[in-house]
Amino acid sequence: MIMPGTQPTLKVLVFGASLRSDSLNVRLARLASRVAELAGATVDFASMEEFDVPSYDGDEEKAQDFPKGAEELRRRLIENDAFIISSPEYNASMPGLLKNVVDWTSRFRPQPFDGKHGLLMSASPSMVGGNRGLWSLRVPFEHLGARIYPDMFSLAQAHKALVGERITDAALQARFETNIQAFLSLAEAAKHYACMKRAWVEFLGEPPSSEADRVDPVPV
Ligand SMILES: Cc1cc2nc3c(=O)[nH]c(=O)nc-3n(C[C@H](O)[C@H](O)[C@H](O)COP(=O)(O)O)c2cc1C
């Protein structure tokens, strides 16, 4: 648990990766925001509309024509210490709209996901709560150097489990809160653990070459 008042507050970007009104994932993200605030974090709540982008196009990137949604996600990642995303599962994987904006945003240098601590959660009407989607979502984030928290909360039968922005089962709500608090504690500790800082090298075992390397220096 972060101790409010004893140190600078951890800043956390939180959003649900769905454009749908009455999205279960947006509702879960709002609940996560409240828990994070109670734990002493400063929450920057975003909506997926703010990160809306056209399909990735390498020609536009070459022309330095980055879409506003990707600029916005980059800005919010830089401004915050950590992120929490509640993402739907589509066809046993992550939603295309989220992967697309991650792809765009990953093209900025310095690469803004590197070193950020992330917590993934999902909500779905299904019995597995969208958990398969989170396993697929871990991959690009970890590839990009984000520190994705091992425990991922997937709310099964979310259309029944969530009433408004509340988990009705008290034991489940307690687990949800503990997971967020544990994540925030780790992110807070890591923020002050300078030894963890290192350069991001996309392919560590590749023979170094100035043309092909995608390397970000150690942040200062
Ligand atoms: C294209 C598509 C694929 C889906 N595939 C899955 C799936 O694989 N597993 C699952 O649990 N739910 C799946 N669903 C149902 C979503 O979990 C459900 O629509 C959920 O409410 C979406 O999240 P939201 O409420 O935050 O928008 C799918 C929905 C769509 C539109």
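Each ligand, and each atom within it, is numbered from 1 in the order the structure gives.
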Legend entry - Distance flag for atom 27 (O) of ligand 1, protein heavy atom under 4.0 Å: yes
If you measure from the Lys or Arg side-chain nitrogens to the Asp or Glu carboxylate oxygens, is any gap between [X] and [Y] under 4.0 Å?
X    : Y    : result
R75  : E71  : no
R34  : E165 : yes
D103 : K99  : yes
R76  : E50  : yes

Inset, instruction - May I ask you to check whether N25 has an N/O atom sitting below 3.5 Å from an N/O atom of ligand 1? - result: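 It does: an N or O of N25 is found under 3.5 Å from an N or O of ligand 1.
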Legend entry - Distance-only N or O hit between ligand 1 and P88, under 3.5 Å: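 Between P88 and ligand 1 (N or O atoms, distance only) the closest approach is not under 3.5 Å.
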For [atom], what is the nearest protein heavy atom, given as residue, atom name and distance?
atom                    : value
atom 8 (O) of ligand 1  : A92 N, 2.8 Å
atom 21 (O) of ligand 1 : L24 CD1, 3.5 Å
atom 2 (C) of ligand 1  : Y90 CD2, 3.7 Å
atom 5 (N) of ligand 1  : N91 N, 2.8 Å
atom 11 (O) of ligand 1 : S124 OG, 2.6 Å
atom 13 (C) of ligand 1 : E89 O, 3.1 Å

Inset, instruction - Indicate the atoms forming the closest heavy-atom contact of R27 with G164, along with that distance. - result: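 Scanning both residues completely, I find the closest heavy atoms to be NE-O, 2.8 Å.
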Inset, instruction - For the residue pair F113 and F141, categorise the inter-ring angle as parallel (less than 30°), tilted (30 to 60°) or perpendicular (more than 60°). - result: tilted
Inset, instruction - Run the numbers for me: atoms of ligand 1, each under 4.0 Å from some heavy atom of S126, listed by number. - result: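 Counting from 1, the qualifying ligand atoms are 11 (O).
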Inset, instruction - State which residue, out of K191, H117, K11, fulfils the side-chain hydrogen bond (donor to acceptor under 3.5 Å, both in side chains) condition with D81. - result: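 Result for side-chain hydrogen bond (donor to acceptor under 3.5 Å, both in side chains) with D81: K191.
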Inset, instruction - Verify side-chain contact (heavy atoms from CB on, under 4.5 Å) between T42 and L10, making sure each step is shown before the conclusion. - result: CA-CA 6 Å; T42 298; L10 193 76; over 6 Å; no
Inset, instruction - Determine, using heavy atoms of R132 and all atoms of ligand 1, whether some pair is separated by less than 4.0 Å. - result: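 It does; at least one heavy atom falls under 4.0 Å.
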Inset, instruction - Using non-hydrogen atoms of the residue, decide whether P125 is closer than 4.0 angstrom to ligand 1. - result: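 It does; at least one heavy atom falls under 4.0 Å.
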Inset, instruction - Determine whether the side chain, the backbone, both or neither of S18 has a heavy atom under 4.0 Å from any heavy atom of ligand 1. - result: side chain
Legend entry - Pairwise side-chain contact, S47 with V26, heavy-atom cut-off 4.5 Å (strictly under):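 S47 does not reach V26 side chain to side chain.
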